[in-house]
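One structure below.
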There are 2 protein chains.
Amino acid sequence: MNEIFKALADPTRREILRVLRQREHSAGELSELFALSKSTLSGHFNVLKAADLIEFSKTGTTIMYRLNTSIFEEVVSHLFDFFGSNPSSETQPEKRSES
Amino acid sequence: MNEIFKALADPTRREILRVLRQREHSAGELSELFALSKSTLSGHFNVLKAADLIEFSKTGTTIMYRLNTSIFEEVVSHLFDFFGSNPSSETQPEKRSES
DNA sequence: TTGGTATTTCGCCAAACACCGAAATAATAG
DNA sequence: CTATTATTTCGGTGTTTGGCGAAATACCAA
């Protein structure tokens with residue numbers, strides 16, 4: 001969870017996710033959409049991979065990145081943990097765990 | 001939006017939100033729940049305030065913090081921006097704005 | 001094997017972040 | 001006015017982050 005929120009904290013990474021939502025893109029294609037060096041983008045891909053927010057596949061030298069949409073459920077459910085409307089029935093107040 | 005995601009990126013701040021979800025707490029009460037100095041906590045309160053994630057009211061020298069639950073809607077709707085299931089009907093691909 | 005293309009990893013640097021203790025501010029009581 | 005309590009602001013330190021270019025890796029084609 002922590003890695004997901006950390007990954008979402010950067011505007012460039014959120015923009016990458018938004019682009020990938022449309023369709024998958026190679027690392028090179030993505031680098032054409034951002035005014036950042038390829039090495040910098042590659043770093044962002046690593047963060048997004050570590051958070052399991054993107055998936056990828058290699059064909060030849062080209063790496064295709066695509067969104068892992070299933071993570072969405074997980075994020076929203078954790079947001080309910082802070083903001084949901086019926087605290088006592090959904091979580092144990094004492095626990096205060098950080099998963 | 002950026003400030004909200006930045007605020008959520010820190011585990012301590014997420015824990016503060018989770019505590020505040022139960023009921024409002026004063027700064028002092030909160031400081032008893034965390035092994036951090038009051039000045040550090042105060043810094044976290046500032047970040048959460050800037051993101052509009054918490055509200056507060058003063059009575060005497062005591063400051064009561066409470067969760068701003070209305071922000072939840074906003075965060076989820078932005079998450080749909082990345083992860084929602086029907087991209088072309090919900091957003092303009094060309095826009096790529098960061099609000 | 002040599003060369004070219006796609007991408008990542010490696011140092012490096014500056015800015016941002018999380019933390020602390022001490023000093024400052026603010027309200028209240030005596 | 002002085003003391004006490006609650007909280008924040010300030011100045012400092014160590015760590016993490018985001019950026020870059022150069023070097024390394026990987027694959028393919030000639």
Side-chain angles (χ1 to χ4, degrees), chain A residues 1-20 23-68 82 96-99, chain B residues 1-20 23-68 82 96 98:
Chain A
M1 249 314 118
N2 194 33
E3 283 179 313
I4 297 178
F5 281 110
K6 282 270 197 73
L8 291 174
D10 183 85
T12 298
R13 287 193 290 265
R14 291 199 301 277
E15 194 56 43
I16 291 171
L17 294 178
R18 211 169 310 182
V19 169
L20 289 182
R23 59 174 173 77
E24 63 177 11
H25 285 71
S26 69
E29 283 171 343
L30 283 166
S31 83
E32 282 164 25
L33 300 175
F34 294 86
L36 293 171
S37 74
K38 286 170 190 231
S39 57
T40 298
L41 265 309
S42 183
H44 285 310
F45 301 151
N46 278 339
V47 174
L48 291 168
K49 268 190 267 182
D52 203 30
L53 286 161
I54 61 176
E55 295 165 337
F56 65 99
S57 49
K58 234 179 195 166
T59 47
T61 63
T62 296
I63 299 179
M64 276 296 184
Y65 287 106
R66 79 194 80 78
L67 195 58
N68 178 6
F82 322 129
R96 304 193 18 258
S97 67
E98 177 64 23
S99 62
Chain B
M1 249 317 117
N2 195 31
E3 285 181 309
I4 296 178
F5 281 110
K6 283 270 197 71
L8 291 174
D10 183 84
T12 298
R13 286 194 290 267
R14 291 198 302 276
E15 194 55 44
I16 292 171
L17 294 178
R18 211 170 310 184
V19 169
L20 289 182
R23 59 173 173 79
E24 62 176 13
H25 285 71
S26 68
E29 283 170 346
L30 284 165
S31 83
E32 282 164 25
L33 300 174
F34 294 86
L36 292 170
S37 73
K38 286 169 192 235
S39 58
T40 297
L41 264 307
S42 183
H44 285 310
F45 301 152
N46 278 338
V47 174
L48 291 168
K49 269 190 268 182
D52 204 28
L53 286 162
I54 60 175
E55 296 165 337
F56 65 99
S57 50
K58 231 181 198 167
T59 47
T61 64
T62 296
I63 299 179
M64 277 295 186
Y65 286 107
R66 79 194 79 78
L67 195 58
N68 178 7
F82 320 129
R96 308 202 7 268
E98 177 63 25

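In what follows, chains carry the letters A, B, and so on, assigned in the order in which the sequence lines appear, proteins first and then strands, with residues in each chain numbered from 1.
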Quiz item: Any side-chain heavy atom of A:Asn46 within less than 4.5 Å of one from A:Lys49?
Solution: yes

Quiz item: Given side chains that start at C-beta, do those of A:Leu48 and A:Tyr65 come closer than 4.5 Å, heavy atoms only?
Solution: no

Quiz item: Starting at CZ of A:Phe5 and ending at P of D:dT17, how long is that distance when rounded to a whole Å?
Solution: 16 Å

Quiz item: Quick one: OG1 on A:Thr62 to CD on A:Glu29, what's the gap to the nearest 0.5 Å?
Solution: 8.5 Å

Exercise. Take atom CG of A:Asn2 and atom P of C:dC17, then tell me their distance rounded to the nearest Å.
Key: 15 Å

Practice problem: Indicate yes or no: at least one non-hydrogen side-chain atom of B:Ile54 is less than 4.5 angstrom from one of B:Leu17. | Solution: yes

Quiz item: Checking all strands, does B:Ser31 fall into the base, sugar-phosphate, or nothing category for heavy-atom contacts under 4.0 angstrom?
Solution: nothing

Quiz item: What is the distance from CG of A:Leu48 to C1' of C:dT7, rounded to the nearest Å?
Solution: 16 Å

Exercise. Please check the phosphate of D:dT8 (OP1 and OP2 only) for any side-chain N or O of B:Tyr65 closer than 4.0 Å.
Key: yes

Quiz item: Does B:Asn46 have a side-chain nitrogen or oxygen under 4.0 Å from the phosphate oxygens OP1 or OP2 of D:dT9?
Solution: yes

Exercise. For A:Phe34 and D:dC20, give me the distance from atom CZ to atom C1', rounded to whole Å.
Key: 18 Å

Quiz item: With a 4.5 Å limit on heavy-atom distance, are the side chains of A:Phe45 and A:Leu30 in contact?
Solution: yes

Exercise. Let me know the distance between NE2 of A:His25 and C1' of C:dA6, rounded to the nearest Å.
Key: 16 Å

Quiz item: Atom CG in B:Leu67, atom CD in B:Glu24: separation rounded to 0.5 Å?
Solution: 11.5 Å

Practice problem: Rounded off to whole Å, could you give me the CG-to-P distance for the A:Leu8 and D:dG18 pair? | Solution: 12 Å

Table of protein N/O atoms under 3.5 Å from nucleotides 18-21 of chain C N/O atoms:
unit_1: C:dA18; atom_1: OP1; unit_2: B:Asp10; atom_2: OD1; d: 3.3
unit_1: C:dA18; atom_1: OP1; unit_2: B:Arg13; atom_2: NH2; d: 3.2
unit_1: C:dA18; atom_1: OP2; unit_2: B:Arg13; atom_2: NH1; d: 3.3
unit_1: C:dC19; atom_1: OP2; unit_2: B:His44; atom_2: NE2; d: 2.5
unit_1: C:dC20; atom_1: OP2; unit_2: B:Ser37; atom_2: N; d: 2.7
unit_1: C:dC20; atom_1: OP2; unit_2: B:Ser37; atom_2: OG; d: 2.9
unit_1: C:dC20; atom_1: OP2; unit_2: B:Thr40; atom_2: OG1; d: 2.7
unit_1: C:dG21; atom_1: N7; unit_2: B:Ser39; atom_2: OG; d: 3.3
unit_1: C:dG21; atom_1: O6; unit_2: B:Ser39; atom_2: OG; d: 2.8

Quiz item: Donor-acceptor pair, B:Arg14 side chain versus B:Leu8 backbone, under 3.5 Å?
Solution: yes

Between side-chain atoms of residues 33-40 of chain B and protein atoms elsewhere (two or more places apart, or another chain), which donor-acceptor pairs fall under 3.5 Å?
unit_1: B:Ser37; atom_1: OG; unit_2: B:Ser39; atom_2: OG; d: 3.1
unit_1: B:Ser37; atom_1: OG; unit_2: B:Thr40; atom_2: N; d: 3.1
unit_1: B:Ser37; atom_1: OG; unit_2: B:Thr40; atom_2: OG1; d: 2.9

Quiz item: Quick one: does B:Arg66's side chain get under 4.5 Å of B:Leu20's, heavy atoms only?
Solution: no

Quiz item: How does protein reach along nucleotides 24-30 of chain D, written 5' to 3' as B (base within reach of a heavy atom under 4.0 Å), S (only sugar-phosphate), or - (no contact)?
Solution: --BBS--

Quiz prompt | Value in whole Å for how far the P atom of D:dT17 lies from CD of A:Glu3 | solution = 10 Å

Quiz item: When the distance from CZ of A:Phe45 to P of C:dT9 is rounded to whole Å, what number comes out?
Solution: 12 Å

